[in-house]
There are 2 protein chains.
Amino acid sequence: MSKIDDITHQERLVQAAGCPMPNIAKLIGGKWKLIILQILIFQGMKRFNALRRLCGDITQTMLTNQLRALEKDGLVKRKVYAEVPPRVEYSATQKALDLTDMFMCMHDWYVKHDK
Amino acid sequence: MSKIDDITHQERLVQAAGCPMPNIAKLIGGKWKLIILQILIFQGMKRFNALRRLCGDITQTMLTNQLRALEKDGLVKRKVYAEVPPRVEYSATQKALDLTDMFMCMHDWYVKHDK
DNA sequence: CGGAATCCCACAGGATACTG
DNA sequence: CAGTATCCTGTGGGATTCCG
């Protein structure tokens, strides 16, 4: 590792030490948000009921709530088609896609320690 | 990026897509665990009351609970000194230190999107 | 100082029914 | 199909007290 990279790394360490976790928890905390985001980020756009099935045993109400919150925070895009029966498609925004690295870190860590 | 690196990256993406988030949430979810871990990882060993102050307004009971849970999951080391008054020091285990990358990802993401 | 024991409650999360 | 609208419950988290 070069000297400049080393300095950059140290700087990132210092910065990360002060990162406000409560703010992050507001965005991606709770029982379902990471699950929903993982699906939309790695599997792409999904319709409501498809997402519902992939989430496991989440209820309609809860899925709606979580999706609304994620949408409000700019993590999920909601596209409604004017059709009958109705069709609504959910997908990850760029902001959500930028969490890909974090998900991979989590996965690598999980595999290393708990698999 | 070389071809082999590219394949590795693709493979990591596929793997991460199936990473069980509920299991991870069990380990580092909830209101306090990420905060506690962040302190111990980036600031090193802390005594109980020092940790308490750094956490903000966490109660003794809750801090004890969270530390016990983290210790049980191998994320926190607890060292008791046979002194009067008692002294207990908490520190991050290697398993917790391996979360450093994840914290930096979170921080970079937070800075990019919400700072 | 660093807890354990108790009691307590708001609210995250869930079950059910109804609807455009 | 993709939602609301209600009502309900469990538990994550908190306040207080006591203790070695």
Side-chain angles (χ1 to χ4, degrees), chain A residues 20-40 43-73 75-92, chain B residues 20-40 43-73 75-92:
Chain A
M21 284 304 139
N23 298 15
I24 292 188
K26 284 265 195 293
L27 298 178
I28 61 175
K31 187 175 178 178
W32 297 109
K33 287 183 180 177
L34 279 179
I35 297 174
I36 295 170
L37 287 173
Q38 182 188 33
I39 293 169
L40 294 180
Q43 302 187 41
M45 172 163 48
K46 293 292 171 192
R47 297 183 57 170
F48 185 85
N49 276 327
L51 196 49
R52 181 155 157 45
R53 280 185 295 274
L54 289 169
C55 278
D57 59 353
I58 191 173
T59 60
Q60 285 186 339
T61 310
M62 191 45 52
L63 181 54
T64 299
N65 289 346
Q66 300 300 301
L67 285 170
R68 289 289 187 277
L70 289 170
E71 189 190 5
K72 169 170 158 288
D73 291 329
L75 288 160
V76 158
K77 243 175 316 190
R78 182 167 181 269
K79 182 161 188 182
V80 185
Y81 294 84
E83 302 176 356
V84 175
R87 180 160 121 242
V88 182
E89 290 177 344
Y90 292 92
S91 56
Chain B
M21 286 303 139
N23 297 15
I24 292 187
K26 284 265 196 293
L27 298 178
I28 60 175
K31 186 175 179 180
W32 297 108
K33 287 184 181 177
L34 279 179
I35 297 175
I36 295 170
L37 287 173
Q38 183 189 34
I39 294 170
L40 295 180
Q43 303 188 39
M45 173 162 49
K46 294 291 172 193
R47 294 184 58 170
F48 185 85
N49 277 327
L51 196 48
R52 181 154 154 48
R53 281 186 295 274
L54 290 169
C55 277
D57 60 352
I58 190 173
T59 61
Q60 287 185 339
T61 310
M62 192 45 51
L63 181 53
T64 299
N65 289 347
Q66 301 300 299
L67 285 171
R68 289 289 187 278
L70 289 170
E71 189 190 5
K72 168 169 159 288
D73 291 330
L75 287 161
V76 158
K77 245 176 314 190
R78 183 168 180 268
K79 181 160 188 182
V80 185
Y81 293 84
E83 302 175 356
V84 176
R87 180 160 122 241
V88 182
E89 290 177 346
Y90 292 92
S91 56

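All values reported here derive from a predicted model rather than from experimental measurement. All chains are named by letter (A, B, ...) in the order of the sequence lines, taking the proteins before the strands, and each is independently numbered beginning at 1.
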For the helix from C/dC1-D/dG20 to C/dG20-D/dC1, figure out the bend between the end axes, five pairs an end, and round to 10 degrees. 50°
For residues 52-61 of chain A, tabulate all N or O donor-acceptor pairs below 3.5 Å that involve a side-chain atom, not counting sequence neighbours.
residue	atom	partner	partner atom	Å
A/Arg52	NH1	A/Ile58	O	2.5
A/Thr59	OG1	A/Met62	N	3.3

CE on B/Met45 to CD on B/Gln43, rounded to 0.5 Å: 13.0 Å
What distance do A/Glu71 atom CD and A/Leu67 atom CG have between them, rounded to the nearest 0.5 Å? 8.5 Å
Extract all donor-acceptor atom pairs below 3.5 Å that involve side chains of residues 27-38 of chain B and protein atoms in other chains or at least two apart in sequence.
residue	atom	partner	partner atom	Å
B/Lys33	NZ	B/Lys26	O	3.2
B/Gln38	NE2	A/Ala16	O	3.0
B/Gln38	NE2	A/Ala17	O	3.3
B/Gln38	NE2	A/Cys19	O	2.7

Side-chain donor/acceptor pairs under 3.5 Å, residues 75-89 of chain B, sequence neighbours excluded:
residue	atom	partner	partner atom	Å
B/Arg78	NE	B/Tyr90	OH	3.0
B/Tyr81	OH	B/Glu89	OE1	2.9
B/Glu83	OE1	B/Arg87	NH1	3.1
B/Glu83	OE2	B/Arg87	NH1	2.8
B/Arg87	NE	B/Glu89	OE2	3.4

Pull out every residue in residues 43-52 of chain A that has a heavy atom closer than 4.0 Å to any atom of DNA chain C, ordered by number, or say none. none
B/Leu63 CG to C/dG3 P, straight-line distance once rounded to whole Å: 8 Å
So, is B/Arg78 close to the C/dG3 phosphate, meaning a side-chain N or O under 4.0 Å from OP1 or OP2? yes
Categorize B/Tyr90 for me: base, sugar-phosphate, or nothing, with a 4.0 angstrom heavy-atom threshold over every strand shown. sugar-phosphate
B/S/- along nucleotides 6-20 of chain C (protein heavy atoms under 4.0 Å) is -------BSBB---B
Opening and closing nucleotides of DNA chain D in contact with chain B, under 4.0 Å to non-hydrogen atoms: D/dG13 to D/dG20
Test of understanding: with side chain to side chain donor-acceptor pair (under 3.5 Å), list the residues that count as partners of A/Asn65, not counting sequence neighbours. none
